[in-house]
Q: 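Quick one: the structure is below, questions incoming.
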Number of protein chains: 2
Amino acid sequence: MKAETLLVIDDDQDLRESVIEILEDNGFVATGCESAESALQKIKTEVPSLVIVDNMMPGMGGMALMPLLKNDYPGLKIIMITAFSTVDNAVAAMKSGADDYLSKPFRRDELLVAVKRNLEELKFEQQLSEPDMDEALSCLSNQIRRQILAALAEKKEMRFMDLTRYLGISDHTKVNFHLKNLKANNFVSQDREKSYSLTPEGVKMIDCLHLFSKRIPS
Amino acid sequence: MKAETLLVIDDDQDLRESVIEILEDNGFVATGCESAESALQKIKTEVPSLVIVDNMMPGMGGMALMPLLKNDYPGLKIIMITAFSTVDNAVAAMKSGADDYLSKPFRRDELLVAVKRNLEELKFEQQLSEPDMDEALSCLSNQIRRQILAALAEKKEMRFMDLTRYLGISDHTKVNFHLKNLKANNFVSQDREKSYSLTPEGVKMIDCLHLFSKRIPS
DNA sequence: TTGTGTTGTGAAATAATATTCACATGAAAC
DNA sequence: GTTTCATGTGAATATTATTTCACAACACAA
């Protein structure tokens, strides 16, 4: 995994270089651009993980640049810095795609906190194709298993044959098959009395399903 | 399609009622709650399209309420209003899930513009045709397809062989197979120039994956 | 004891998914 | 024009997932 690079876009050379220095002092790899236009050019050859962009610049301003960047590089994190900050401006910046917003002058640690936090979030978001998501999703991709989870979420605890009848499935071994699968994935557990119930992980899965169906009402 | 309802959450009865009146004068259906807690309760029985929430309230504040709402009802639009607004507070509000932010006191038309704009956005987002859960989940249960979606989300647009190489898969027909699947499910489309990109539904799937990965790491 | 319902196992059959291979087309490069 | 790469198809194969079936242990009631 290659190092994350940061790009500082600001027409004020002093500020730009001092920001770069702060970042480099803290182990980041940072470069600079003096305008939005040159930044767009530069990013074509190397896409940074995060850009820090000034609002007011000759030519294209930071506010106009951000939608372009987010459009071409949706994963890119953007921190906007601005001298004459107002609430409205901050809200507009966030709506235009800024992930964070700093008012000038800012302290060195404010900058670093913002940078680190956003890089953390980026890393987190990039974890999309993780292995244990595999199991969870393939488990959930089966309708009967979803029904079982839903039934257990509803009834809290059920015995085997009650469950199969509840689901209206005639072949009990079929239910058993899926139940075993859920047990193996630790979404369902069986207590001493042979009753089945959701594990905490199972409850989480139900949660996910709810989010899903809310996000995908059909 | 039933009328959109708006919910105004504010402990200040005068302000709450005047906001509701403004909204009703303009043809909206609006109700009120005097606390975050009672709002959570109320929303369980009827989910509004948009909520207007005050920042400072006894008990749970608006800032704490928003993530809860966004978590349970991701489609819900939230406008935060606040008396002592600062840039930092506005930024924090937007990061916590606010879709818009108004400083008190606000003019009647500021409120109305914000409400209308957010309801427009909501309508727009809902117009995208919705995939169903079975298809969505079985599509997402395959790792390569998730990687393709993630790659396209990241790069916005890719040609076939670039995608194949990007994923590090030697057999291009394998990628083709999954790409065809994604195309068939309308998560990915191909433009005139043979480049592949996410459809709006595909973007939604990426969203769902994010929801997922935020929940799974226990 | 005999029957009846519950809860299970494992193997075999079947269905669904995924991978590989052999080949084809058209565009660009040499 | 020949080579090379990008893009793609369809059939054969391999792999997984799911269903079905035959059977068995146990409890409990008639």
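The sequence lines fix the lettering, A, B, ..., with proteins before strands; numbering per chain opens at 1.
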Q: How far does CD1 of A:Ile78 sit from CG of A:Leu65, to the nearest 0.5 angstrom?
A: 6.5 Å
Q: With respect to the phosphate group of C:dT17, does any side-chain polar atom (N or O) of B:His178 fall under 4.0 Å of OP1 or OP2?
A: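 No, B:His178 has no side-chain N/O under 4.0 Å of OP1/OP2 on C:dT17.
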Q: Closest to the B:Phe177 side chain: D:dT9, D:dA6, C:dT19?
A: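 Looking only at heavy atoms from C-beta outward on B:Phe177, the closest nucleotide is C:dT19.
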Q: Using a strict 4.0 Å threshold on nitrogen-to-oxygen distance, state whether A:Asp99 and A:Arg117 make a salt bridge.
A: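 Not counted as a salt bridge, because no side-chain N and carboxylate O are separated by less than 4.0 Å.
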Q: From the set C:dG8, D:dA6, D:dG8, return the single nucleotide nearest to any side-chain atom of B:His172.
A: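 Of all the options, the side chain of B:His172 is nearest to D:dG8.
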Q: Any side-chain N or O of A:Lys174 below 4.0 angstrom from OP1/OP2 of D:dT19?
A: yes
Q: Tell me: CZ of B:Arg159 to C1' of C:dA28, nearest whole Å?
A: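 After rounding, the reported distance stands at 12 Å.
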Q: Return the nearest nucleotide to the side chain of A:Asp171; candidates are C:dT7, C:dT19, D:dT20.
A: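 So the side chain of A:Asp171 is nearest to D:dT20.
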Q: Measuring to OP1 and OP2 of D:dT7, would you say a side-chain N or O of B:Asn176 lies under 4.0 angstrom away?
A: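 No.
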Q: Which nucleotide in the list C:dG8, D:dA6, D:dT20 gets nearest to the side chain of A:Gln190?
A: C:dG8
Q: Does the salt bridge (charged side-chain N to carboxylate O under 4.0 Å, His left out) test come out yes or no for B:Asp162 and B:Arg165, once each step is laid out?
A: CA-CA 5 Å; B:Asp162 293 339; B:Arg165 278 187 287 264; 3.3 Å; yes
Q: Could you check which of C:dA18, C:dT9, C:dT7 has an atom nearest any side-chain atom of B:Arg145?
A: C:dA18
Q: Between the side chains of A:Asp100 and A:Lys77, is the shortest nitrogen-to-carboxylate-oxygen separation below 4.0 Å, so that they form an ion pair?
A: no
Q: So what does A:Ser138 touch, heavy atoms closer than 4.0 Å: a base, only the sugar-phosphate, or nothing?
A: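 Answer is nothing: A:Ser138 stays at 4.0 Å or more from every strand.
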Q: Output the single nucleotide from D:dT7, D:dT9, D:dT20 whose closest atom is nearest the side chain of A:Thr173.
A: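 The closest nucleotide is D:dT20.
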Q: Does C:dG8 have its OP1 or OP2 closer than 4.0 Å to a side-chain nitrogen or oxygen of A:Tyr196?
A: yes
Q: Rounded to the Å, how far apart are A:Leu179 CG and C:dT9 P?
A: 10 Å
